[in-house]
Amino acid sequence: MNKNILIIPGDGIGQEVTTWGKQVLETVAAKYGHEFSFDEAIMGHTAIEATGNPLPDETLEKAKTSDAILFGAIGHAKYDNDPSAKVRPEQGLLKIRKELGLYANLRPILLFDELLEASSLKPEVLRGTDILFFRELTGDVYFGEKIRSEDNTFASDLMNYHRYEVERIARKAYDAARTRNKKLCSVDKANVLETSRLWRDVVQEIAREYPDVETEHMFIDNAAMQLVKNPKKFDVVLTANLFGDILTDEASQIAGSMGMLASASIGDGTGFFEPIHGSAHDIAGQNKANPLASILSAALMLDIAFGLQEEAKAVTQAVADTLKAGWRTGDIANAETPATQILGTNEMGAKVLEYLR
C-alpha cells in the first residue's frame, strides 16, 4: 500500500508527540511491507509567528492532496489571555475542518484495565466501559455569526444547524452502532434550544431507517451526569459540536488522562487524526508529554483511513503491552508507580516501538 501522509505538528507538545505517531507509522510500513511517504506543514500559533496566518495556503494545499493527516495540538497561552486578538491559532483548525469537509469527529473512549486506578472515578464504575462518540464538527455555535458591540457591552454567537448536517453524521453514527452493540444515545437540549429540536426531529427520522438499533434521547445536562455516574450505559453517543466538545473532554477522565485519547475527524475525503489534548505549553519541550494519544491516533488512521485493521490492532496491542509492563508517563502514574517506571515522552514512545517491532 502506497500512501501520502501529512504531519502537522502544530503547537506546544504537538511537536513532540507527533514524532512518535510518525515513527509508529514508519515501523508499521516496514513491518507489513507498505510504503508511506511523509510531508510536514505548519498550522496554529507556529504558523502565525511564521506567516501571520494560522492556516497558510501551502498547508491547506498539502492537506487537500494527502491521503491522511496526523495532527499534534493547537493553541498558545498568549491568546487565552487576550480575548481581543483578531488572529488566533484555533481559527486554523476550524478552517481546515471546513475546507476538508470534516463533519464527523469520532472519539473512542478506550479504557485499558491497567489504568483503572489513574482515573478519578472508582474502578468498579469504569470497568467494561467502551464508548464511541460522534461529534458533529462543522456546524453549531462555533461556526455561526459572531458579534461584539463597539462599546464592548454586548456579544453574540449564533447557534445554527441545517438538516443535511444532522442527517449525514447521524447516518455515520447509526452505521457504527450496527457494528457494535446496536445502541445509540443522541444528546441534545431540545427542551430549550430550537437547534436541538431540529436535531431531535432529524435523528428520530433517521432512526426509522435503523429499526435494529435501540435509540435513546438524552438532554446534555443529564448526559454529563450519567457519563461519570454510569459510563457503561453508553455505547455510541451522537451529539452536536459544542456538546460533543465538552462531553468528550469530560470522558477523558474515564481513560485516566487526555493523554490517552485519540480522535478521527472524517468526511468524504482526507481524514484528520489527532490526540484530544491541547498544546500544554507549560510542559512543552520538557520531555513530559504523553505520546500515547498520538500513537493511538496513528492506529485510528491505519484503521479508518487505510482499512488496515490488523496493523491498527498491532499498534493498540503495543500500547497495551507497554502499560501491562508497568511503564507510565507522569499523567497516568499513581502513588504506587515506582519512579523508575515513570518515563518521559521519548522513552515512552521508544517502549511502544519495542513492543510493536
Side-chain angles (χ1 to χ4, degrees), residues 1-10 13-41 62-63 65-73 100 102 105-112 114-115 130 132 176 179 255 259-266 269-277 289-325 327-329 332 343-357:
M1 180 176 284
N2 299 318
K3 293 293 180 182
N4 299 314
I5 300 171
L6 179 63
I7 308 293
I8 306 180
I13 63 171
Q15 300 178 26
E16 299 168 64
V17 298
T18 48
T19 295
W20 293 102
K22 179 183 177 183
Q23 287 195 47
V24 160
L25 291 168
E26 290 172 333
T27 301
V28 166
K31 183 176 180 178
Y32 290 89
H34 304 304
E35 270 192 45
F36 295 157
S37 59
F38 297 89
D39 199 357
E40 191 164 306
K62 286 182 177 182
T65 57
S66 65
D67 293 307
I69 300 164
L70 182 67
F71 178 64
L100 296 180
L102 304 174
N105 181 244
L106 281 63
R107 293 191 178 185
I109 307 302
L110 181 61
L111 183 62
F112 294 92
E114 291 75 23
L115 296 183
D130 180 7
L132 178 58
T179 68
M260 291 301 303
L261 293 184
S263 76
S265 298
I266 61 173
T270 303
F272 190 90
F273 300 84
E274 59 175 317
I276 77 161
H277 60 66
N290 186 342
L292 296 184
S294 184
I295 290 170
L296 291 169
S297 295
L300 276 182
M301 178 189 294
L302 293 168
D303 184 2
I304 294 172
F306 304 155
L308 300 174
Q309 282 84 16
E310 180 183 351
E311 290 86 335
K313 288 178 181 177
V315 173
T316 303
Q317 188 59 51
V319 171
D321 291 342
T322 302
L323 296 172
K324 286 176 184 175
W327 302 110
R328 302 285 188 271
T329 46
I332 52 174
L343 305 179
T345 309
N346 296 330
E347 294 75 22
M348 192 65 158
K351 284 292 179 187
V352 176
L353 288 187
E354 284 180 26
Y355 288 104
L356 181 59
R357 288 173 179 144

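Here the side chains of Glu26 and Phe38 are in contact, with some heavy-atom distance below 4.5 Å. Residues Leu261 and Arg107 are not in side-chain contact: their nearest non-hydrogen atoms beyond the backbone lie 4.5 Å or more apart. Using a 4.5 Å heavy-atom cutoff, the side chains of Met260 and Asn290 are in contact. Side-chain contact check for Ile5 versus Asp67: every heavy-atom pair is 4.5 Å or farther apart.
In this structure, CD1 in Ile69 is found 11.0 Å from CG in Asp39, a value given to the nearest 0.5 Å. To the nearest 0.5 Å, atoms CG (Leu25) and CD1 (Ile7) are separated by 6.5 Å. Atom CH2 of Trp327 sits about 4.0 Å away from atom NZ of Lys351, to the nearest 0.5 Å. Of the inter-residue distances, the one linking Ile266 atom CD1 with Phe272 atom CZ reads 14.0 Å to the nearest 0.5 angstrom. Annotation: the span from Met348 atom CE to Thr322 atom OG1 amounts to 6.0 Å, rounded to 0.5 Å. For the atom pair CD1 (Ile332) and CG (Leu115), the distance works out to 5.0 Å, reported to the nearest 0.5 Å.
Lys324 contributes no side-chain N or O that, together with a main-chain N or O of Glu114, makes up a donor-acceptor pair within less than 3.5 Å. Side-chain atoms of Arg328 come within 3.5 Å of backbone atoms of Leu323 as a donor-acceptor pair (strictly under, hydrogens ignored). Put simply, the side chain of Lys31 gets close to the backbone of Leu356: a donor and an acceptor are under 3.5 Å apart.
For Pro108 against Leu106, the heavy-atom pair with the smallest separation is CD-O, 3.7 Å. Here the shortest heavy-atom pairing between His277 and Ala73 reads O-CB, 4.1 Å. The shortest non-hydrogen separation linking Leu102 to Gly271 is CD2-CA, 4.5 Å. Pairing each heavy atom of Ala262 with each of Ile276, the nearest pair is O-CG2, 4.1 Å.
A donor-acceptor pair shorter than 3.5 Å cannot be found between the side chains of Ser66 and Asn4.
Here Thr345 pairs with Glu16, Trp20, Asn287, Ala289, Pro291 under the side-chain contact (heavy atoms from CB on, under 4.5 Å) rule; sequence neighbours left out. Partners of Asp130 under the side chain to side chain donor-acceptor pair (under 3.5 Å) rule, at least two apart in sequence or in another chain, are Arg180.
Note: His34 and Phe36 have parallel aromatic rings, judged against thresholds of 30 and 60 degrees for the angle between ring planes.
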Below 3.5 Å, can you tabulate the donor-acceptor pairs from side chains in residues 294-310 to any protein atom, sequence neighbours excluded?
unit_1, atom_1, unit_2, atom_2, d
Ser294, OG, Val17, O, 3.2
Ser297, OG, Glu274, O, 3.1
Ser297, OG, Ala293, O, 2.8
Asp303, OD1, Gln309, NE2, 3.3

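Residue-environment remark: NZ (Lys313) stays at or below the threshold of 12 foreign heavy atoms within 6.0 Å.
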